[in-house]
Protein chains: 2
Amino acid sequence: MKKYRGIGLKLTPQRLAILEYLDGNREHPSAETIYAEMRKKYPMISFATVYKTLEALKNKGRLHELTIDPERRRYDPDTGQHHHLICIQCKKIVDIHAELPVTVPDDVEQSFDLVGNHIEFYGICQKCKTERRT
Amino acid sequence: MKKYRGIGLKLTPQRLAILEYLDGNREHPSAETIYAEMRKKYPMISFATVYKTLEALKNKGRLHELTIDPERRRYDPDTGQHHHLICIQCKKIVDIHAELPVTVPDDVEQSFDLVGNHIEFYGICQKCKTERRT
DNA sequence: GTTACTGCAAAGCTTTTGCATCCCT
DNA sequence: AGGGATGCAAAAGCTTTGCAGTAAC
């Protein structure tokens with residue numbers, strides 16, 4: 001696919017599959033999930049390839065590694081500034097694209113060169129809220 | 001130590017050592033670090049005991065598990081609401097105890113029952129800033 | 001033709017678990 | 001005395017790595 005040229009990586013069928021899967025994906029999948037999805041189309045793809053490709057994409061700035069889930073790493077193809085909402089029950093992660101200004105205390109401002117921030121909201125999603133009642 | 005009675009856990013020497021080490025600790029140590037520190041005083045303590053104790057303290061609400069570091073879990077004995085500042089170079093984690101109000105978009109407010117939030121600030125600390133120049 | 005990528009299997013880390021023994025309450 | 005905690009070692013996950021063969025450029 002032409003849209004992926006110029007990344008600075010060789011475009012193998014495996015990588016194209018991963019790139020296409022991630023493109024526009026808002027599910028913040030884990031490597032395991034990505035591997036499972038890839039195997040549907042490319043049963044011969046290996047775990048190592050998935051991990052190495054994710055690493056490569058991360059280094060190229062095409063992917064963000066999320067540290068939200070303590071069990072495993074999750075990946076986010078949306079590399080723009082945004083925040084996340086996590087359902088503490090089903091662990092679903094939802095994007096929040098609103099601009100949320102936060103002011104930092106003066107003493108912090110002076111002792112650190114700030115480069116960014118990330119807000120995690122915790123809550124219970126609609127689905128879990130409903131299921132809890134039953 | 002009397003201050004630890006009523007936790008609902010048996011106070012063994014190992015646990016007291018861990019509790020005392022964590023008390024007022026602002027370093028967000030990993031299990032590995034805690035284990036290493038414990039071995040200085042109690043060379044016979046095992047890894048399993050450290051992990052099981054951390055798990056027990058977490059379940060009792062005496063400890064927060066941080067998911068900031070993708071490499072390993074870190075623990076925070078400060079269970080009150082606060083935020084964190086992370087040096088992207090040396091990975092040092094500093095507490096921010098200021099109240100930082102953040103407003104959530106309406107559509108989010110309606111679809112989730114919010115229970116809390118956590119802000120991570122990224123930057124470069126004074127020390128790394130200085131070392132970088134040299 | 002080079003260089004980078006793939007796939008396999010093995011290794012590396014962190015974290016968990018089973019179980020017999022021990023000791024706090 | 002009883003039930004929880006300890007320690008050991010083994011196992012379980014997730015992630016990384018070495019290497020020979022292969023394919024993209």
Side-chain angles (χ1 to χ4, degrees), chain A residues 1-22 28-60 62-75 91, chain B residues 1-22 28-60 62-75 91:
Chain A
M1 270 200 164
K2 298 184 179 181
K3 66 189 292 190
Y4 298 120
R5 280 191 296 196
I7 297 181
L9 298 172
K10 284 187 180 175
L11 294 179
T12 64
Q14 294 90 332
R15 284 189 172 170
L16 277 174
I18 294 175
L19 282 166
E20 280 169 24
Y21 171 69
L22 289 175
H28 314 85
S30 64
E32 176 74 45
T33 301
I34 295 168
Y35 174 59
E37 287 299 317
M38 290 308 95
R39 278 179 63 108
K40 291 180 182 171
K41 284 186 179 176
Y42 294 84
M44 76 299 292
I45 199 172
S46 79
F47 237 128
T49 298
V50 173
Y51 272 101
K52 285 170 183 168
T53 296
L54 293 175
E55 179 69 18
L57 291 173
K58 200 176 69 183
N59 290 337
K60 292 289 180 185
R62 288 236 158 200
L63 203 57
H64 271 179
E65 202 174 73
L66 301 182
T67 58
I68 288 175
D69 186 340
E71 310 291 319
R72 62 193 55 76
R73 299 183 192 183
R74 300 233 200 163
Y75 296 90
K91 309 296 178 191
Chain B
M1 270 202 165
K2 299 183 178 179
K3 66 189 293 191
Y4 299 121
R5 280 192 296 199
I7 297 181
L9 298 173
K10 284 189 180 174
L11 293 180
T12 63
Q14 294 89 332
R15 285 189 171 169
L16 278 173
I18 294 174
L19 282 166
E20 281 169 24
Y21 172 70
L22 288 175
H28 315 85
S30 64
E32 176 73 45
T33 301
I34 296 168
Y35 174 60
E37 287 298 317
M38 290 308 96
R39 277 178 65 107
K40 291 180 182 172
K41 282 186 179 177
Y42 294 85
M44 76 299 292
I45 199 172
S46 79
F47 237 131
T49 297
V50 172
Y51 272 101
K52 284 170 184 168
T53 296
L54 293 175
E55 179 68 19
L57 291 174
K58 198 176 70 183
N59 290 337
K60 292 289 180 185
R62 288 236 157 201
L63 203 56
H64 270 180
E65 203 173 73
L66 302 182
T67 58
I68 288 176
D69 186 340
E71 309 293 316
R72 67 199 94 263
R73 299 185 191 180
R74 299 231 200 166
Y75 295 90
K91 309 296 179 192

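Here is how names work: the chains are called A, B, and so on, in the same order as the sequence lines, proteins then strands, and each is numbered from 1.
- Both B/Lys58 and A/Ile45 lie close to DNA chain C; mapped to their nearest nucleotides by heavy-atom distance, the more 5′-ward contact belongs to A/Ile45.
- The nearest whole Å value for the distance from the OH atom in A/Tyr75 to the P atom in D/dC14 is 12 Å.
- Rounded to whole Å, the distance from CE on A/Met38 to C1' on C/dC5 is 17 Å.
- Residue A/Glu71 contributes atom CD, which lies 10 Å from atom C1' of D/dC14 at whole-angstrom precision.
- Contact annotation: A/Thr12 does not reach the phosphate of D/dA23 (side-chain N/O to OP1 or OP2, under 4.0 Å).
- As rounded to whole Å, 9 Å separates atom P of D/dT15 from atom CD of A/Glu32.
- Taking side-chain N and O atoms only, B/Arg15 has no distance below 4.0 Å to OP1 or OP2 of D/dG4.
- For the pair B/Lys10 NZ and C/dC24 P, the computed distance is 9 Å after rounding to whole Å.
- Closest approach of A/Arg73 to B/Pro70, counting heavy atoms only: NH2-O, 3.4 Å.
- For C/dT15, the OP1/OP2 oxygens have a side-chain nitrogen or oxygen of B/Tyr51 closer than 4.0 Å.
- Atom-to-atom, CZ of B/Arg74 to C1' of C/dT14 comes out at 14 Å; the value is rounded to the nearest Å.
- For B/Ser46 against B/Tyr35, the heavy-atom pair with the smallest separation is C-CE1, 3.7 Å.
- Atom pair B/Glu65:CD and C/dT14:C1' shows a separation of 12 Å (rounding to whole Å applied).
- For B/Arg72 and C/dT15, the shortest distance from a side-chain N or O to OP1 or OP2 is not below 4.0 Å.
- Taking a cutoff of 4.0 Å between a charged side-chain nitrogen and a carboxylate oxygen, A/Arg74 and A/Glu32 do not qualify as a salt bridge.
- Salt bridge absent: B/Lys52 and B/Glu55 never bring a charged side-chain N and a carboxylate O closer than 4.0 Å.
- When every heavy atom of A/Arg15 is checked against every heavy atom of A/Ala56, the shortest pair comes out as NH2-CB, 4.4 Å.
- Applying the 3.5 Å distance criterion, the base of D/dG7 shares a donor-acceptor pair with the side chain of B/Lys52.
- A/Pro13 comes within 4.0 angstrom of the backbone, heavy atoms only, and of no base.
- Phosphate contact (OP1/OP2 of C/dG7, side-chain N/O of A/Thr49, threshold under 4.0 Å): present.
- When the C1' atom of D/dA5 is taken as reference, atom CG of B/Leu57 falls 13 Å away, rounded to whole Å.
- For B/Arg73, a side-chain nitrogen or oxygen approaches OP1 or OP2 of C/dT16 to under 4.0 Å.
- Residue A/Gln14 is classed as a sugar-phosphate contact, given heavy-atom separations below 4.0 Å to backbone atoms only.
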